[in-house]
Structures are given as structure tokens and as C-alpha cells.
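Below is one structure, written out as C-alpha cells, with a few remarks after it.
Computed from a prediction, not measured in an experiment: that's the story for all the values here. We use all heavy atoms of the structure for the numbers below, so side chains are in, but hydrogens, waters and symmetry mates are not. Remember, it's 1-based here, ligands and their atoms both numbered in the order they're listed. FYI, the numbering just counts along the sequence from 1.
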Amino acid sequence: MKKILITGGAGFIGSHLVHLMVRKYPNYHIYNLDKLTYAGNLENLKDIEKESNYTFIKGDIVDENFINELFAEHNFDGLIHLAAESHVDRSIHSPLEFIYTNIVGTVNLLNAARNTWKEDMGNKRFYHVSTDEVYGSLGETGAFVETTPYDPHSPYSASKASSDHLVRAYHDTYGLNIVISNCSNNYGPYQFPEKLIPLFINNILHNRPLPVYGKGINVRDWLYVEDHVKAIDLIYHQGRKGETYNIGGNNEWKNIDLIHQLIAITDELLQRPKGTSTQLITFVSDRKGHDLRYAIDASKIKNELGWQPSVQFDEGFRTTVKWYLDNEDWLKNVTSGNYQKYYEEMYSNR
Ligand code: NAD
Ligand code: DAU
């Protein structure tokens, strides 16, 4: 049985990946290592928690001794690293946690892999999951390719860029069998309601203002989360050693257009008259260093590995809104406790 370590498997994308791997590969044992920060939630994994090829481990990737002992104990065959602090606004508010988890945590994993895998290093795989935000911001045209120079603007993207460089350095210096992917904005079930789509669904549900940053003209390329984890599966198994693959939805939306679409679907599903929640739109001060536009050229993964998005946006978006409305208890659970304090701090002065 192959032993695969997934970090951050209780988060949004990680929990979808754990589901896929546990179900698709009965001959793999999936170890899910997660610190269970505010963003990690074992409720996301309820339906697979008793599977015989799945083990949850609570732990912090910043804890060097713990990581070394874990690797020494299990002799993993490979690692898919998703654990991170992932929210740009939080990184602007308190950058240090991002440096610890995203940079120091990644180096701890790299060191543990290098030290325990040694002669077998070529056969074991270190997969680092990263973001398109490392490339910076685009103007009206063009798209990020794998060779676009790094130009991060937020503490979050700078910390992810830094970890990407370190992962590549361990390949070039020590021969670690690494692969990296840089993906665009994901949407779907189980995303913490600090990110645009679930935050706005939750606010519409409770008739709260919808805080649109700046003029709402920033553009993001949205990909359904299930398509992202299928790409991760493919890259983990077939990606070439040392390579980077961009993953994107080929699905660009200006924030304000996406928000109008979101309002239309949510109002319809809540059986409110058309356009009811449009009045909740509130333009607030812009995010500092707000990247104008992201777009991904995903032709490398398409040409080399045959991947392309399979979920049409209309379908994925409606499924997503419906999921949050059908899972109000999940929303309630994750927005109790510290969430109220976070919301106050983040939005009261905008
Ligand atoms: P998330 O915030 O939903 O989940 C992160 C998970 O990491 C949580 O379960 C959290 O408990 C865990 N974690 C945080 N710090 C940890 C630590 N020190 N030790 C162990 N576990 C820790 O994030 P997400 O949106 O699922 O993103 C997952 C990965 O994908 C991140 O690396 C992110 O940079 C990348 N990514 C995200 C997107 C997106 O649109 N969400 C797009 C591209 C890339
Ligand atoms: O591109 C990939 C990245 O996508 C990931 O690496 C990040 O982990 C993920 O959080 C996401 O980053 P963004 O900053 O693009 O996502 P967010 O949902 O925070 O914001 C999407 C857009 O909506 C962005 O232009 C800011 C805007 N926004 C966001 C919030 C939370 C608002 O206008 N109002 C809001 O309240």
C-alpha cells in the first residue's frame, strides 16, 4: 500500500482532494495532516473519516520536530502539500502567520522529505500546490504562462512565491522529485465564507451588505474545485519531475458581473423577487495592492497531460450556491465563534 501525505486536507481544496484520493485509490493509504486552523474543518470529511485507507493527523507544519518525527515514523511514498494561510486580506492585516506557515512550514516539509527519502529521493514525489497570484497582476490582455516572471504584491502571494522558489531550489540543489502547480481562483462547496463567493452568499442569506472592493472591476479566472483536484491527481501521477503546471478555468469574470450573477441565482433559489438583493451591494474602500486581473494559459497541462476543465461555469456556480443554501448548518457552524470578531475587524473601517 502506498502511503501518501496530504497537508491541509481539512481545508477547502484539501478536503475535495482527500475525498478523491481516498475513493479513487483503495490501494493508497491517505494521511491527512492539518492543524485545524479556523479554515480547517473535519466536518468537510465526515463521509470518509471511517474509511480503512484514511488517517487524520492533527499537527502543525511549522513544528520542525513534529514533522521530522512524522516522516521518520511513516516513510511516506509521496506528499501533496496544500496547508497554507490562504486569505489575502488576512495577510494584509497580519503577515507573520503567512511567513511561518507558508514559508517555514514548507521548508520543514522539504527538509524532512530530503532527510528521510535520501537514496530513494527520485522515486518519491514532493508536490507543492501554489497559486497564480505569484505572477502578479495583468493588464487588459494576456495570460500567465509557466515562465511568466514572479511579481507578487500581497504578503500572501509573496509567501507563496517564496515557497515556490524554495521547492524549486530543493530540486535543483538536492535532486528532490518536485512538481508545482499554480492555479486560479477556485469555487465550490466547503470554502470558508471569508472568500468572495461564500461570503456574499452568506450575506445575501442574512440580508447583510455585500462589500465590493473599489469599483468591482477586478477580474478573476474561476475554476470549479473538483476540476482543480482532478488536475492535482493527474500532475501528481504524470507530471514531469521539476516542472510547473498552470491550472485555470479559462473563465474570466469582472467581480461586479460575477456578483450580479450570484445575486440573481441566490434570490431565485431563495424564492425572493428578482433583483431583491441588488440593493445590498455596497462599494467599500479597495484592498491595498489589489491585483487588477488574473488569467491563466493552461495549454501546457492540456497538451502534456490532457487536462481541461470539465464543469461549465453556469452549472458549477448554481451547484455551489445551492450547496451553501442547503447546508446552512455548515455555514452557521463555521461562522460562529471567532468569525464575528474577524468580520468586525476586517470590514468595520472600510
Ligand atoms: P484553506 O484556507 O481553505 O485551507 C488551508 C488548510 O491548511 C486548512 O485546513 C488549515 O487548517 C490548514 N493549515 C493552515 N496552517 C497550517 C499549519 N501551520 N499546519 C498544518 N495545517 C495548516 O485553503 P484552500 O483555499 O483550500 O487552499 C489550499 C492550497 O491551495 C493553499 O496552498 C493555497 O495557496 C492554494 N490555492 C488556493 C486557491 C483558491 O482559490 N482557494 C487557488 C490556488 C491555489
Ligand atoms: O487566484 C488564486 C487565489 O484566489 C488563491 O491563491 C487565494 O488563496 C484565494 O483566496 C483567491 O484569492 P483572491 O484574493 O482572488 O480571492 P477573494 O475571494 O478574497 O477575492 C476575489 C475578488 O473579490 C478579489 O478581487 C477581491 C474581491 N473581494 C473580496 C472580498 C472577500 C471583494 O470585492 N469583497 C470582499 O469582501
Side-chain angles (χ1 to χ4, degrees), residues 6-18 32-42 44-45 57-63 66-67 80-92 97-98 100-102 104-106 108-109 128-135 137 144 154 156-157 159-160 163-164 181-188 190-200 203 209-223 225 228-229 232 247-249 253-256 258-259 281-284 286-287 290-296 343 346-347 350:
I6 295 179
T7 69
F12 166 48
I13 301 169
S15 59
H16 286 274
L17 180 67
V18 168
N32 171 15
L33 165 64
D34 200 295
K35 183 181 172 183
L36 299 182
T37 67
Y38 74 94
N41 186 353
L42 289 179
N44 303 356
L45 296 157
I57 302 164
K58 186 172 189 301
D60 187 344
I61 58 169
V62 179
D63 183 341
F66 164 74
I67 293 297
I80 309 180
H81 174 37
L82 294 97
E85 286 292 334
S86 69
H87 191 39
V88 173
D89 294 320
R90 285 185 191 256
S91 82
I92 295 166
E97 201 57 42
F98 287 70
Y100 288 132
T101 288
N102 299 0
V104 178
T106 302
N108 283 339
L109 293 167
H128 178 60
V129 175
S130 191
T131 170
D132 61 355
E133 300 202 6
V134 298
Y135 299 122
S137 183
F144 300 130
S154 72
Y156 162 68
S157 53
S159 68
K160 291 295 289 187
S163 61
D164 292 11
S181 59
N182 296 82
C183 187
S184 64
N185 286 63
N186 286 213
Y187 69 97
Y190 301 121
Q191 187 170 32
F192 193 80
E194 62 187 352
K195 309 279 166 62
L196 181 74
I197 290 174
L199 173 74
F200 277 35
N203 284 10
L210 304 175
V212 181
Y213 296 165
K215 296 191 175 114
I217 55 167
N218 304 69
V219 175
R220 297 291 181 266
D221 170 7
W222 294 94
L223 176 70
V225 62
H228 185 189
V229 301
I232 293 176
I247 308 170
W253 283 83
K254 206 180 264 186
N255 288 344
I256 194 68
L258 183 96
I259 289 161
I281 291 179
T282 310
F283 290 93
V284 298
D286 210 351
R287 176 184 276 173
H290 198 172
D291 289 333
L292 177 66
R293 178 173 161 259
Y294 304 142
I296 282 279
Y343 203 82
M346 209 50 85
Y347 290 98
R350 280 193 179 271

**Part of Leu36 with heavy atoms under 4.0 Å of ligand 1, whether side chain, backbone, both or neither** = backbone
**Prompt:** What about Tyr38: any of its N or O atoms under 3.5 Å from an N or O on ligand 1?
**Reply:** no
**Message:** Are any of the N/O atoms on His228, whether in the backbone or the side chain, positioned under 3.5 angstrom from an N/O atom of ligand 1?
**Reply:** no
**Message:** Using a strict threshold of under 4.0 Å (side-chain N to carboxylate O), is an ion pair present between Arg90 and Glu194?
**Reply:** yes
**Message:** Quick check: Asn186 and ligand 1, any N/O pair under 3.5 Å apart?
**Reply:** yes
**Request:** Could you check atom 19 (O) of ligand 2 against the protein and tell me its nearest heavy-atom contact, residue, atom and distance included?
**Result:** Arg287 NH2, 2.9 Å
**Request:** Among all protein heavy atoms, pick the one closest to atom 43 (C) of ligand 1 and tell me residue, atom and distance.
**Result:** Cys183 O, 3.3 Å
**Lys35-ligand 1 polar pair, N/O distance under 3.5 Å** = yes
**Complete:** Looking only at protein heavy atoms, what sits closest to atom 27 (C) of ligand 2 is Asn255 ND2, 3.5 Å
**Message:** Is it the case that the side chain of Ser184 and the backbone of Ile296 share a donor-acceptor pair, with hydrogens and angles ignored and the cut-off at 3.5 Å?
**Reply:** no
**Contact check: Leu33 vs ligand 1, nitrogen or oxygen atoms, below 3.5 angstrom** = no
**Prompt:** Which protein non-hydrogen atom lies closest to atom 35 (C) of ligand 2, naming both residue and atom, and how far is it?
**Reply:** Tyr213 CZ, 3.3 Å
**Sub-4.0 Å atoms of ligand 2 with respect to non-hydrogen atoms of Leu199** = 36 (O)
**Item:** Any residue meeting side-chain hydrogen bond (donor to acceptor under 3.5 Å, both in side chains) with Asn32, in chain and number order, not counting sequence neighbours
**Value:** Tyr54
**Asked** Who's the nearest protein heavy-atom neighbour of atom 26 (C) of ligand 2, and how far?
**Response** His290 NE2, 3.4 Å
**Message:** With nothing but distance in play, are any N or O atoms of Trp222 less than 3.5 Å from an N or O of ligand 2?
**Reply:** no
**Message:** Once rounded to the nearest 0.5 Å, what's the spacing between atom OH of Tyr135 and atom CG of Asn182?
**Reply:** 4.0 Å
**Item:** Thr101 N/O to ligand 1 N/O under 3.5 Å
**Value:** yes
**Message:** Show the atoms of ligand 2 that are less than 4.0 angstrom away from any heavy atom in Tyr156.
**Reply:** 5 (C), 6 (O), 7 (C), 8 (O)
**Check: Ile13 N/O within less than 3.5 Å of ligand 1 N/O** = yes
**Request:** Report the residues that fulfil side-chain hydrogen bond (donor to acceptor under 3.5 Å, both in side chains) with Tyr343, sequence neighbours left out, ordered by chain and then residue number.
**Result:** Asn203
**Prompt:** Less than 3.5 Å between some nitrogen or oxygen of Tyr156 and one of ligand 1, yes or no?
**Reply:** yes
**Message:** Side chain or backbone, does Phe12 bring an N or O within less than 3.5 Å of an N or O on ligand 1?
**Reply:** yes
**Request:** Report the nearest protein non-hydrogen atom to atom 21 (C) of ligand 2: residue, atom name, distance rounded to 0.1 Å.
**Result:** Leu196 CB, 3.9 Å
**Asked** Looking at ligand 1, does any of its N/O atoms fall within less than 3.5 Å of an N/O of Asp34?
**Response** yes
**Message:** Starting from atom 11 (C) of ligand 2, what is the nearest protein heavy atom, named by residue and atom, and what distance separates them?
**Reply:** Asn185 ND2, 3.4 Å
**Message:** Checking side-chain polar atoms at under 3.5 Å, does Thr106 have a donor or acceptor matched by the opposite partner on His128?
**Reply:** no
**Item:** For His87, atoms of ligand 2 separated by under 4.0 Å from a heavy atom
**Value:** 19 (O)
